[in-house]
Amino acid sequence: MQHQPRRPAGTPVGGQFAPTNRPEVVGLELVDEDFFDLIDETERGTDDPMQHPVPGPDHPGPSVRGHQHRLTVTDPDNDPPVAPEPPAALPFGLDPLVLDDARRLVAVARTVAEGQRIDPATWSAAESAVTAAGRHLAAVIDSEICRRHPHGFPGDLDYRDEIAASREATLEVLASIRSLGLPAGEQLELVDSQKPAVTLLNEVAGRFPSAWLAASQGKDPPLRARVSPHRAHYVPSRSYFVDEGTQLREVRYIVHDSRYVPKGVEAERTSLGSWTWTAMEPRRVRAQRRSAELTVPSPKTRPAEARATA
């Protein structure tokens, strides 16, 4: 069996999304030429934006080649278009215009969907913008990894250092444009969960966007986290029983031989010749509940696998 040759030191990582295998970030066309006219009409509340004519040769519409040409805001008094203020600079060489285009077009697509006007052109434009933003972020992350590790990684087949570096750079780049993790002092809302699983999930929560975590809190059914030596898995809804303490209940005993009557117990003889008595006995109280369930490997015996699964 032949192993693939190790990439030379300093070569960017990223697999199929490596810079050598994806389009250049500069010059990416986020949307079709005529989409900004549709967006302009949609943001003004037009009932059916698709009824407006597509710009022809005499009116090509705003250009989207490059990031300098963006949708302009027109004054109601027919004054010349006013260009929007440029967004603030971002670290790591991130282009705020690319990211802002994705946010803006996704917001428009959601508005159209909420109005029950499913417009394929709107969704296509939003999808193109998100794809362009994702490629841009991937290129930035690859560049940051190369900057931090200019000589690459060891030439053996152990990729753990390379993967760790990629995760670290990815988190820092994403955290510069989006809030990650729970607010200070907050914990995930988990029910009837095992402590090692609770600790693990709250630890890895910092890798998820804060908006995602906020949306997951208070869901019905709630999330239950467990540790198991068997295969890790997730179930969206499952019934289970929990102990709710003990409760004294009256229990009736019947035996057919007096020798089985405990000492000190006053038993009665029945007409069938058996012996019976009653006693207050503690009984375990169990309740049935329902939750979503996440089962992870043991953080003690398999810490790397448990963390990756969580």
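Please read all numbers here as calculations on a predicted model, not as lab measurements. FYI, the numbering just counts along the sequence from 1.
Between Arg307 and Glu203, at least one side-chain N (NZ, or NE/NH1/NH2) sits under 4.0 Å from a carboxylate O, which counts as a salt bridge. Residues Arg110 and Glu114 are not paired through a salt bridge, judged by the lack of any N-O separation under 4.0 Å between the basic side chain and the carboxylate. The pair Glu172-Arg148 meets the salt-bridge criterion, with a side-chain N (NZ, NE, NH1 or NH2) lying under 4.0 Å from an Asp/Glu carboxylate O.
Remark: Tyr234 OH is packed, more than 12 non-hydrogen atoms of other residues, nucleotides or ligands lying under 6.0 Å away. Environment of CZ in Arg252: sparse, with no more than 12 heavy atoms of neighbouring residues, nucleotides or ligands closer than 6.0 Å. When the shell of 6.0 Å around CD of Gln288 is examined, it contains more than 12 heavy atoms from other residues, nucleotides or ligands.
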For this session: For the pair Ile177 and Leu137, evaluate side-chain contact (heavy atoms from CB on, under 4.5 Å) and give the outcome as yes or no after the intermediate values.
Result: CA-CA 10 Å; Ile177 60 174; Leu137 283 171; 3.8 Å; yes
For this session: Tell me, with the steps shown, if Arg284 and Glu244 meet salt bridge (Lys or Arg N to Asp or Glu O under 4.0 Å).
Result: CA-CA 7 Å; Arg284 186 173 58 180; Glu244 293 189 336; over 6 Å; no
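Residues Gln217 and Leu223 form no side-chain contact, since every pair of their non-hydrogen atoms from C-beta on lies 4.5 Å or further apart. By the 4.5 Å heavy-atom criterion applied to side chains, Thr295 and Val235 are not counted as neighbours.
Thr122 contributes no side-chain N or O that, together with a main-chain N or O of Ala109, makes up a donor-acceptor pair within less than 3.5 Å. Side chain of Asn202 to main chain of Val198: a donor-acceptor pair is present (N/O by atom type, distance under 3.5 Å, no hydrogens or angles). In this structure a side-chain-to-backbone donor-acceptor pair under 3.5 Å is missing from Ser193 to Leu190. Put simply, the side chain of Thr270 gets close to the backbone of Ser274: a donor and an acceptor are under 3.5 Å apart. The backbone N or O of His149 lies less than 3.5 Å from no partner atom in the side chain of His151, so there is not a single donor-acceptor pair. At least one donor-acceptor pair under 3.5 Å links the side chain of Ser128 to the backbone N or O of Ser124. Under the 3.5 Å distance criterion, the side-chain polar atoms of Asp257 are matched with a main-chain donor or acceptor of Arg259. At distances below 3.5 Å, at least one donor-acceptor pair connects side-chain atoms of Glu189 with backbone N or O atoms of Gly218. Listed for the Thr309 side chain is a donor-acceptor partner under 3.5 Å among the backbone atoms of Glu305. At distances below 3.5 Å, not a single donor-acceptor pair connects side-chain atoms of Ser291 with backbone N or O atoms of Glu293.
Figure legend: Arg224 and Tyr240 shown as a cation-pi pair, the cationic atom lying under 6.0 angstrom from the six-membered ring centre and within 45 degrees of its axis.
Clustering ILVMFWY residues whenever any of their side-chain heavy atoms sit less than 4.5 angstrom apart, transitively, puts Ile145 in the very cluster that holds Leu94. Trp212 is connected to Leu200 through a chain of hydrophobic side-chain contacts under 4.5 Å among Ile, Leu, Val, Met, Phe, Trp and Tyr, so both are in one cluster. No continuous path of ILVMFWY side-chain contacts below 4.5 Å connects Val112 to Val106, so the two sit in separate hydrophobic clusters. Taken together through direct or relayed side-chain contacts under 4.5 Å among Ile, Leu, Val, Met, Phe, Trp and Tyr, Leu188 and Val296 form part of one hydrophobic cluster. Residues Leu174 and Phe92 fall within the same hydrophobic cluster, defined by Ile, Leu, Val, Met, Phe, Trp and Tyr side chains chained together at heavy-atom separations under 4.5 Å.
Evaluation of the side-chain hydrogen bond (donor to acceptor under 3.5 Å, both in side chains) rule for Arg283 yields no partner, not counting sequence neighbours.
Residues Leu180 and Gly206 approach most closely at CB-O, 3.5 Å, considering heavy atoms.
Residue Val265 shares its hydrophobic cluster (ILVMFWY side chains chained together at separations under 4.5 Å) with Val251, Tyr253, Val255, Tyr260, Val261, Trp275, Trp277.
Side-chain contact annotation: Arg290 with Ser239, donor-acceptor N/O pair under 3.5 Å present.
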